[in-house]
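Start at 1 with the first residue, then count along the sequence. Both backbone and side-chain heavy atoms feed into the values below; hydrogens, waters and symmetry mates do not.
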Amino acid sequence: MIRYKKVAKNLLGYVRSTEITANANGTYHQHLHILLLVRNAYFKGSKNYLSQADWTDLWQKALRSSYKTIVNVEAVRANKYI
């Protein structure tokens with residue numbers, strides 16, 4: 001992912017974690033939680049911003065997957081009360 005130009009030009013760093021959950025039927029589900037640190041400019045102007053669909057397409061391409069991956073993107077903001 002970090003090799004894609006549109007990601008790399010705004011990325012400052014990242015933290016990732018792998019989680020494996022056990023399903024009721026005895027199978028397992030592995031997935032990633034990733035926190036991306038991006039430049040402020042990422043949120044300003046359409047040339048920098050990647051939509052949910054863009055992220056999904058990039059993940060599918062990076063994984064070389066034949067199916068659309070599930071991607072949930074949310075902005076994290078500082079808690080002003082801390």
Report yes or no: does Asn25 contribute a side-chain atom to a donor-acceptor pair with the main-chain N or O of Thr27 at less than 3.5 Å?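 A pair under 3.5 Å: yes.
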pair [X]-[Y]: side-chain heavy atoms closer than 4.5 Å:
| X | Y | answer |
| --- | --- | --- |
| Leu50 | Lys6 | yes |
| Lys9 | Asn48 | yes |
| Leu11 | Tyr42 | no |

Report the hydrophobic cluster partners of Leu12, with the cluster defined as I, L, V, M, F, W, Y residues connected by side-chain heavy atoms closer than 4.5 angstrom, directly or transitively.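 Taking Ile, Leu, Val, Met, Phe, Trp and Tyr as members, Leu12 shares its hydrophobic cluster with Leu37.
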Heavy atoms from other residues, nucleotides or ligands near CG of Leu32 exceed 12 (cutoff 6.0 Å):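 Above 12, so yes.
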Over all atoms of both residues, closest heavy-atom pair of [X] and [Y]:
| X | Y | answer |
| --- | --- | --- |
| Asn10 | Ala41 | OD1-C, 4.5 Å |
| Thr21 | Glu19 | CG2-OE2, 3.5 Å |
| Gln30 | Thr18 | NE2-CG2, 3.3 Å |

Treat each ILVMFWY residue as a node, draw an edge where side-chain heavy atoms are under 4.5 Å apart, and state whether Ile2 and Val71 are in one component.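 They do share one cluster, since a chain of ILVMFWY contacts under 4.5 Å joins Ile2 to Val71.
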Would you mind listing every ring pair (Phe, Tyr, Trp, His ring centres under 6.0 Å) that reaches into residues 6-37, with sequence neighbours excluded?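 Found His29-His31, His31-His33.
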What residues, two or more places apart in sequence or in another chain, satisfy ring-ring contact (aromatic ring centres under 6.0 Å, His included) together with Phe43?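 Expected list: none.
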Qualifying residues under side-chain contact (heavy atoms from CB on, under 4.5 Å), relative to [X], sequence neighbours excluded:
| X | result |
| --- | --- |
| Tyr4 | Met1, Val7, Leu58, Lys61, Ala62 |
| Ala53 | Ser51 |
| Ser66 | none |
| Glu74 | Asn72 |

Calculate, to the nearest 0.5 Å, the distance between atoms CG and OG belonging to Leu35 and Ser17 respectively.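 Result: 11.0 Å between the selected atoms.
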Set of side-chain hydrogen bond (donor to acceptor under 3.5 Å, both in side chains) partners for Asn40, sequence neighbours left out: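 So Asn40 forms no side-chain hydrogen bond (donor to acceptor under 3.5 Å, both in side chains) with any residue.
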List for me each residue that meets side-chain hydrogen bond (donor to acceptor under 3.5 Å, both in side chains) alongside Trp59, sequence neighbours excluded, and say none if there are none.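 For Trp59 there are no side-chain hydrogen bond (donor to acceptor under 3.5 Å, both in side chains) partners, ignoring immediate neighbours.
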Can you run down the salt bridge (Lys or Arg N to Asp or Glu O under 4.0 Å) pairs that involve residues 44-57, sequence neighbours left out, and say none if there aren't any?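 The answer is Asp57-Lys68.
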